[in-house]
Protein chains: 2
Amino acid sequence: MTVKTIAKKLGISHTTVYLYLKDPETKRISPQTKKKIKLLLEQGYLRLDPHAQTLARKKSHAVAILIPMNVPYFHSVIVTESLCGIQQVLFQKRYRFVFLPSQGGDSLQILKDQLKHSGGYDGYILYGTRDSSMEEMRANVETLQKYRVPFVVLNMPELEDDINQVICQTPNAADPIRYLFQLGHRDIALLAGSSRAPDTQQSIQQYFLFFQRLGVERSAERIMYGNYEKVIARSEVLKLLSKDRGITAIVSLSDSMALGAYEAIKELGLKIPDHISVIGKDDATFASNMCPPLTTVRIPMVEMGKQAAILLFEAMGGAKPRKIYLTSELVIRESAAPAISTKSKGGEIEKVNILTI
Amino acid sequence: MTVKTIAKKLGISHTTVYLYLKDPETKRISPQTKKKIKLLLEQGYLRLDPHAQTLARKKSHAVAILIPMNVPYFHSVIVTESLCGIQQVLFQKRYRFVFLPSQGGDSLQILKDQLKHSGGYDGYILYGTRDSSMEEMRANVETLQKYRVPFVVLNMPELEDDINQVICQTPNAADPIRYLFQLGHRDIALLAGSSRAPDTQQSIQQYFLFFQRLGVERSAERIMYGNYEKVIARSEVLKLLSKDRGITAIVSLSDSMALGAYEAIKELGLKIPDHISVIGKDDATFASNMCPPLTTVRIPMVEMGKQAAILLFEAMGGAKPRKIYLTSELVIRESAAPAISTKSKGGEIEKVNILTI
DNA sequence: TGCATTAGATCAGTCGCGAAG
DNA sequence: GCTTCGCGACTGATCTAATGC
């Protein structure tokens with residue numbers, strides 16, 4: 001049932017029905033007519049068409065979520081958690097949100113596909129994804145900028161000032177490598193995601209930098225790529241630990257990869273944290289239930305989603321771009337313990353004063 | 001940029017641009033004009049408006065996902081997993097999908113809100129949710145039926161034949177209570193969700209029925225309500241186990257509640273499965289990483305989502321309603337072990353031949 | 001006659017303006 | 001002058017029918 005069919009049924013004009021819909025308390029309609037309309041509407045057959053409304057109002061009350069990746073969105077904790085925050089804010093303001101299809105290809109191609117039929121949305125939230133490189137992310141942001149449309153960027157490294165963005169920073173106290181070092185670990189392996197992902201690249205850079213500042217060179221041999229997946233992480237850890245017995249700690253870039261690391265370590269007959277310490281990232285629900293409970297870096301993802309939505313409303317209101325910074329936090333549980341000194345092979349940096357790091 | 005602005009820019013009519021868009025190989029446009037259009041389109045400024053397309057085509061290429069609950073959708077494993085399947089099928093057919101906002105209230109009110117502005121979508125997927133009762137679910141389905149619109153029902157008990165529905169059945173071999181019984185357990189507690197949820201009600205009914213058929217009456221004292229949340233489950237299990245030491249096994253209606261049960265059991269100084277066996281439901285990623293690894297009922301949720309989407313396309317194509325049945329499967333790990341006979345208080349049913357159950 | 005192009009109606013709401021009583 | 005109501009233009013893409021050369 002549409003506004004016009006309702007009007008026809010009552011023998012009145014569509015304008016009158018519209019007027020009532022817009023404000024049932026309006027004085028512009030007689031009580032009798034109101035009653036007629038009300039009666040019919042209460043049957044509940046009217047369903048307004050948001051597409052027609054969008055066209056007429058030049059406003060859609062809808063936001064498009066752009067996640068340029070080929071795998072299902074909702075397997076990613078980052079996506080689901082942040083969407084919870086986004087949903088809260090959007091629904092509160094009566095906004096709907098939409099996921100646009102694509103025909104596959106790389107991150108750039110996907111976004112182009114999605115944008116092809118993306119006219120008329122009030123705003124956009126663009127995700128950085130595991131399989132887009134920094135260059136692709138930049139290109140995607142530029143594409144969106146070209147359309148001069150309100151948008152917010154999520155899950156990407158810090159970009160230019162004129163881009164609305166929610167960023168999660170890791171303070172020193174939440175840096176897992178530093179924490180492990182303070183516990184006496186010197187032989188730390190990094191369980192990274194995919195080599196193209198900026199957060200992996202950034203972590204690797206920080207990893208090298210950390211040891212460089214201590215005057216030690218670390219090779220790339222202790223960097224593993226688990227593609228943010230449990231099973232791949234498991235086999236990579238198995239492989240590295242089998243040939244490199246010196247490692248006393250592993251830093252994983254996601255809790256789900258930590259699940260795989262746990263399996264591999266146990267399979268090799270090693271104990272966490274006695275032989276190997278593990279630190280995860282995300283603080284997933286199950287982290288405290290792992291054996292031992294996983295020490296992990298909590299990322300405030302729900303809050304990040306919320307802030308992204310809030311920022312988007314600001315942008316849609318015409319505010320000038322800004323960044324919102326949130327911080328991660330180290331949740332200390334039992335999977336990381338002091339290194340057994342005899343195990344430490346990093347003697348050459350033993351004398352460093354950790355306070356200066 | 002719209003079709004009309006492109007046309008204006010080139011000094012041609014919008015129809016010509018449209019004709020090119022519809023079929024770039026068309027013979028109805030001269031090569032010169034084609035070249036002009038092509039050049040401008042390659043700049044990539046054109047973004048078709050799906051709302052206008054919907055209006056003109058009387059087809060939206062969009063599906064609305066209706067999840068009548070007040071909490072964020074993406075914290076629920078059922079939602080996220082099934083959405084992965086839905087996404088796969090929809091995107092493959094170039095369909096987008098939408099989440100409609102509501103102003104809160106009960107499941108009925110939420111759906112009404114969502115449907116108020118739901119005209120013009122090609123199809124709908126309606127979820128049964130944890131906080132809707134069977135009556136509410138039925139009412140919601142009826143509401144949707146009233147509009148004579150293609151829709152599929154997910155995560156609900158079996159309904160009338162004329163409703164498209166994906167249903168997950170539990171064969172005897174995947175029934176956790178039966179399995180525990182075969183292991184010698186007689187004092188089994190049920191960690192249910194919320195009392196209104198049909199799946200909880202159904203499980204409770206089956207629980208009582210199972211023991212009734214054995215000629216034993218079970219009271220409701222061993223039924224706990226964890227609201228599908230880890231923390232609530234933890235405190236409920238703590239409460240029951242503290243006062244009822246006879247229990248040797250717990251069946252949980254979700255893996256996340258099993259996480260809470262594990263915590264509670266360990267807190268009481270009991271061992272799984274030595275003192276208490278636990279069986280979960282969902283087979284979440286972390287289930288195999290729990291200590292001990294969780295025996296659980298795997299629900300093929302991604303597949304359910306896929307089938308729901310496939311069924312919806314059938315319905316949108318005018319096919320008559322049907323049901324798709326999938327089955328759950330018991331994933332045996334280590335959290336459920338044979339009951340220690342001295343612990344069993346259910347002596348009165350010891351002599352029953354389990355094969356007849 | 002055929003080729004290239006275009007005018008204008010349509011979809012379902014929105015809303016300015018005006019008209020009848 | 002006031003209340004009550006309706007006409008018709010508009011949104012952007014689609015598509016039929018028709019025009020000009």
Side-chain angles (χ1 to χ4, degrees), chain A residues 1-38 40-41 45-62 94 96 115-122 147 149, chain B residues 1-38 41 45-62 64 94 96 115-122 147 149:
Chain A
M1 275 256 181
T2 70
V3 172
K4 273 175 190 162
T5 50
I6 294 260
K8 201 170 283 175
K9 212 166 211 174
L10 291 174
I12 56 179
S13 98
H14 64 275
T15 313
T16 309
V17 178
Y18 162 74
L19 245 33
Y20 179 85
L21 246 32
K22 198 182 172 192
D23 174 21
E25 309 300 323
T26 182
K27 296 260 157 68
R28 295 182 55 193
I29 305 175
S30 70
Q32 304 99 286
T33 314
K34 271 193 194 176
K35 216 169 271 175
K36 276 201 296 180
I37 302 175
K38 199 177 170 189
L40 201 52
L41 288 183
Y45 287 100
L46 175 67
R47 283 163 63 233
L48 261 6
D49 188 324
H51 307 95
Q53 289 184 320
T54 300
L55 217 54
R57 291 209 263 237
K58 293 168 165 279
K59 188 169 188 313
S60 63
H61 254 73
R94 315 259 170 95
R96 58 191 199 283
L115 288 177
K116 208 172 265 174
H117 298 262
S118 70
Y121 292 109
D122 292 347
Y147 295 118
V149 111
Chain B
M1 276 254 182
T2 69
V3 172
K4 272 181 191 160
T5 51
I6 294 260
K8 200 170 284 175
K9 214 166 211 173
L10 291 174
I12 57 179
S13 95
H14 65 276
T15 312
T16 309
V17 179
Y18 160 74
L19 246 30
Y20 179 85
L21 246 30
K22 197 183 171 190
D23 174 21
E25 310 300 325
T26 182
K27 297 259 155 71
R28 295 181 55 191
I29 306 174
S30 69
Q32 306 99 285
T33 314
K34 270 193 194 176
K35 215 170 273 175
K36 276 200 297 179
I37 301 175
K38 198 178 169 189
L41 287 183
Y45 287 99
L46 175 67
R47 284 164 63 234
L48 261 6
D49 188 326
H51 308 94
Q53 288 184 319
T54 299
L55 218 53
R57 291 209 264 235
K58 292 166 166 282
K59 188 167 185 315
S60 64
H61 254 72
R94 315 257 171 95
R96 57 190 200 284
L115 288 177
K116 208 172 265 173
H117 298 263
S118 71
Y121 292 107
D122 291 347
Y147 295 118
V149 110

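Each chain gets a letter, A, B and so on, in the order the sequences are listed, and its residues count up from 1.
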* **Audit row: A/L46, A/V17, side chain to side chain contact (heavy atoms under 4.5 Å, CB included) steps and yes/no** => CA-CA 11 Å; A/L46 175 67; A/V17 178; 5.7 Å; no
* Give the C-alpha distance, both sets of side-chain angles, the deciding distance and a yes or no for side chain to side chain contact (heavy atoms under 4.5 Å, CB included) between A/T2 and A/T5. => CA-CA 5 Å; A/T2 70; A/T5 50; 3.3 Å; yes
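- The rotation axes computed at either terminus of the helix from C/dG2-D/dC21 to C/dG21-D/dC2 lie 80° apart, taking five pairs at each end and rounding to 10 degrees.
- If you measure from atom CG of B/L21 to atom P of D/dG12, you get 16 Å, rounded to the nearest angstrom.
- Residues forming a side chain to side chain donor-acceptor pair (under 3.5 Å) with B/T26 (at least two apart in sequence, or on another chain): none.
- For B/Y45, the side chain to side chain contact (heavy atoms under 4.5 Å, CB included) partners are A/K146, B/M1, B/Q43, not counting sequence neighbours.
- B/T16 pairs by the side chain to side chain donor-acceptor pair (under 3.5 Å) definition with B/S13, not counting sequence neighbours.
- Protein atom NZ of B/K4 is 12 Å distant from nucleotide atom P of C/dG8, rounded to whole Å.
- Separation of atoms CG (A/D49) and NE2 (B/H51) is listed at 9.5 Å; rounding is to 0.5 Å.
- Atom OH in A/Y18 sits roughly 18 Å away from atom P in D/dA9 (whole-Å rounding).
- For B/T33, the side chain to side chain donor-acceptor pair (under 3.5 Å) partners two or more places apart in sequence, or in a different chain, are B/S30.
- In this structure, B/I37 atom CD1 and C/dA4 atom P are separated by 13 Å, rounded to whole Å.
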* Which nucleotides of nucleotides 1-8 of chain D have their base under 4.0 Å from a protein heavy atom (B), which only their sugar-phosphate (S), and which neither (-), written as one string 5' to 3'? -> ---BBBBB
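- Across the protein-nucleic acid pair, A/L46 atom CG and C/dG13 atom C1' stand 11 Å apart, rounded to whole Å.
- Within a heavy-atom distance below 4.0 Å of DNA chain C, the residues of residues 48-62 of chain B found are B/L55, B/A56, B/K58.
- A/H61 pairs by the side chain to side chain contact (heavy atoms under 4.5 Å, CB included) definition with A/K59, A/R94, A/Y95, A/R96, not counting sequence neighbours.
- For A/L19, the side chain to side chain contact (heavy atoms under 4.5 Å, CB included) partners are A/R28, A/I29, not counting sequence neighbours.
- Taking atom CG on A/D23 and atom C1' on C/dT14, their separation rounds to 15 Å, with Å as the unit.
- The side chain to side chain donor-acceptor pair (under 3.5 Å) search around B/S60 returns B/D122, not counting sequence neighbours.
- In this structure B/K8 satisfies the side chain to side chain contact (heavy atoms under 4.5 Å, CB included) test with no other residue, sequence neighbours excluded.
- Here the P atom of nucleotide C/dT6 and the OH atom of B/Y20 are 16 Å apart, to the nearest Å.
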